[in-house]
Amino acid sequence: MRKIIIIIFSVCFLYSSKAQLNYPLSAGPYLSAKTGYNTSYSPWERKNLFAFNGLPDFGFSFYIPASEEYKLGWMFDLGLSTYAYRIKGVSNDNKFTLKYSYFTLCPGFHYSGLYAGLNIGIPVFADYGVNLETSKLNLLSEVRIGAIIPVIEDETGRVNILMHFGYMLTGIFKDFVKDDPLIKHFPPDSSQNFTNEFNPHTISFSLGLNYMFNF
């Protein structure tokens, strides 16, 4: 009996030690759906609502281990990210879903399934049913935190569930007062001081999958 207990303990210890080993250098594609919401105040009878991004986020993730014993490392996501939010009229039924797509690079820090990074992007497309000029948009700067949960692992790689929460640090427009795309649909109210405090900042939540190939 004593030998059996020692064997069981030894197996559990070896398995636990193996589970603590870091992932190897790896890379692979990701795909995720996302919903977004404008956290800035809305002027002139506008109400903020959640909207789905429509086009899924997609790209490639890269993992660089920083430790041999712990699941600690650097991550880099390179891809196309789309952000969306909806505006609804308070006193009418007008609804507009605004979408902004960026070519993004997100360097981040990974530890044991938790993730934090800074997402930086160049605008490549924007519309609300009508195309918008990307030259009027700021570069994207977004704080991102989340979780990366492995669901299938073998010697060739792993499948992960991705969950990310993001918040834009910069307003979407360079000059919202001048370039507000909905100004014709919601005429100015002279009683309100229209300033760049209304420049949209989105929060977003994404859920997706990736497959990381081991090298």
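To the nearest 0.5 Å, atom OH of residue Tyr83 and atom CG of residue Asn53 are 9.5 Å apart. Rounding to the nearest 0.5 angstrom, the gap separating the OG atom in Ser81 from the NE2 atom in His164 is 10.5 Å. The line from OG of Ser32 to CD1 of Ile161 is 13.0 Å long, rounded to the nearest 0.5 Å. Note that the OH atom of Tyr23 and the CE atom of Met75 stand 10.0 Å from one another [nearest 0.5 Å]. Of the inter-residue distances, the one linking Leu169 atom CG with Leu118 atom CG reads 6.5 Å to the nearest 0.5 angstrom. Note: Asp179 CG to Ile172 CD1 = 13.0 Å, rounded to the nearest 0.5 Å.
The nearest pair of heavy atoms linking Ser67 to Glu69 is OG-N, 3.3 Å. Here the closest heavy-atom approach between residue Ser101 and residue Leu80 is recorded as CB-CD1, 4.4 Å. Taking each heavy atom of Pro181 and Tyr128 in turn, the nearest pair found is O-OH, 3.2 Å. Taking both residues in full, the closest heavy atoms of Ala84 and Lys99 are given as CB-CG, 3.8 Å, listed atom of the first, atom of the second, then distance.
Donor-acceptor pairing under 3.5 Å is lacking for the side chains of His201 and Thr39. Looking only at atom types and distance, the side chain of Arg158 has a donor-acceptor partner in the side chain of Ser26 under 3.5 Å away.
A donor-acceptor pair under 3.5 Å links the side-chain atoms of Ser40 to the main chain of Asn199, judged by distance alone. Distance alone, capped at 3.5 Å, places no donor-acceptor pair between the Asn38 side chain and the Tyr85 backbone. The closest donor-acceptor contact from the side chain of Asn196 to the backbone of Phe176 lies under 3.5 Å. When atom types are taken as modelled, the side chain of Thr35 and the backbone of Ala51 share a donor-acceptor pair closer than 3.5 angstrom.
Under the 4.5 Å side-chain criterion, counting only non-hydrogen atoms from C-beta, Leu162 is not in contact with Leu31. Side-chain contact between Tyr115 and Ile145 is absent, with no heavy atoms from C-beta onward closer than 4.5 Å. Considering only heavy atoms from C-beta on, Lys71 stays 4.5 Å or farther from Ile148 through its side chain. Pro65 has its side chain within reach of Leu25: a pair of non-hydrogen atoms, C-beta onward, lies under 4.5 Å apart. Between Ile87 and Leu49 the shortest side-chain heavy-atom distance does not fall below 4.5 Å. Using a 4.5 Å heavy-atom cutoff, the side chains of His185 and Phe96 are in contact. You'll find the side chain of Asn160 reaches within 4.5 Å of the side chain of Met212, heavy atoms only. Tyr102 places none of its side-chain heavy atoms less than 4.5 Å from the side chain of Thr82.
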Let's go through Asp154 and Thr156 carefully: what are the C-alpha distance in whole Å and the side-chain angles of both, what is the deciding distance for side chain to side chain donor-acceptor pair (under 3.5 Å) to 0.1 Å, and is it a yes or a no? CA-CA 6 Å; Asp154 59 26; Thr156 63; 2.6 Å; yes
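Residues meeting the ring-ring contact (aromatic ring centres under 6.0 Å, His included) test with Phe50, sequence neighbours left out: Tyr37. Partners of Tyr211 by ring-ring contact (aromatic ring centres under 6.0 Å, His included), not counting sequence neighbours, listed by chain and number: Phe213. Not a single ring-ring contact (aromatic ring centres under 6.0 Å, His included) links Tyr167 to another residue, sequence neighbours left out. Judged as a ring-ring contact (aromatic ring centres under 6.0 Å, His included), and not counting sequence neighbours, Phe205 has no contacts. Not counting sequence neighbours, Asp127 has no partner by the side-chain hydrogen bond (donor to acceptor under 3.5 Å, both in side chains) test. Residues passing the side-chain hydrogen bond (donor to acceptor under 3.5 Å, both in side chains) test with Thr202, sequence neighbours excluded: none. Taking Tyr63 as the reference, Asn22 meet the side-chain hydrogen bond (donor to acceptor under 3.5 Å, both in side chains) condition, with sequence neighbours excluded. Every residue was checked against the side-chain hydrogen bond (donor to acceptor under 3.5 Å, both in side chains) condition with Asp93, not counting sequence neighbours, and none meets it.
Residues Phe125 and Tyr100 place their aromatic rings such that the two centres sit no closer than 6.0 Å.
Only one option out of Asn119, Thr170, Thr104 pairs with Glu142 in a side chain to side chain donor-acceptor pair (under 3.5 Å); it is Asn119.
Hydrophobic clustering of Ile, Leu, Val, Met, Phe, Trp and Tyr side chains at less than 4.5 Å, counting indirect connections, keeps Phe52 apart from Leu55. In the hydrophobic clustering of ILVMFWY residues, with side-chain heavy atoms under 4.5 Å counting as a link, Leu207 and Ile149 come out together. Hydrophobic clustering (side-chain heavy atoms under 4.5 Å, transitive across Ile, Leu, Val, Met, Phe, Trp, Tyr) groups Phe215 together with Phe76. Leu98 and Ile203 fall into different hydrophobic clusters, where Ile, Leu, Val, Met, Phe, Trp and Tyr are joined by side-chain heavy atoms under 4.5 Å apart, directly or via other members. Taking hydrophobic clusters as Ile, Leu, Val, Met, Phe, Trp and Tyr residues chained together by side-chain heavy-atom distances below 4.5 Å, Val177 shares a cluster with Tyr41.
Other residues sharing the hydrophobic cluster of Ile122, ordered by chain and number and joined by side-chain separations under 4.5 Å: Leu139.
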Between side-chain atoms of residues 131-138 and protein atoms elsewhere (two or more places apart, or another chain), which donor-acceptor pairs fall under 3.5 Å?
{"residue": "Asn138", "atom": "ND2", "partner": "Gly171", "partner atom": "O", "Å": "2.9"}
{"residue": "Asn138", "atom": "ND2", "partner": "Phe173", "partner atom": "O", "Å": "3.0"}

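Every pair tested for salt bridge (charged side-chain N to carboxylate O under 4.0 Å, His left out) that includes a residue from residues 198-215 fails, sequence neighbours excluded, so the list is empty. Listed by first and then second residue, the salt bridge (charged side-chain N to carboxylate O under 4.0 Å, His left out) pairs involving residues 34-53 are Lys34-Asp57, Arg46-Asp180 (not counting sequence neighbours).
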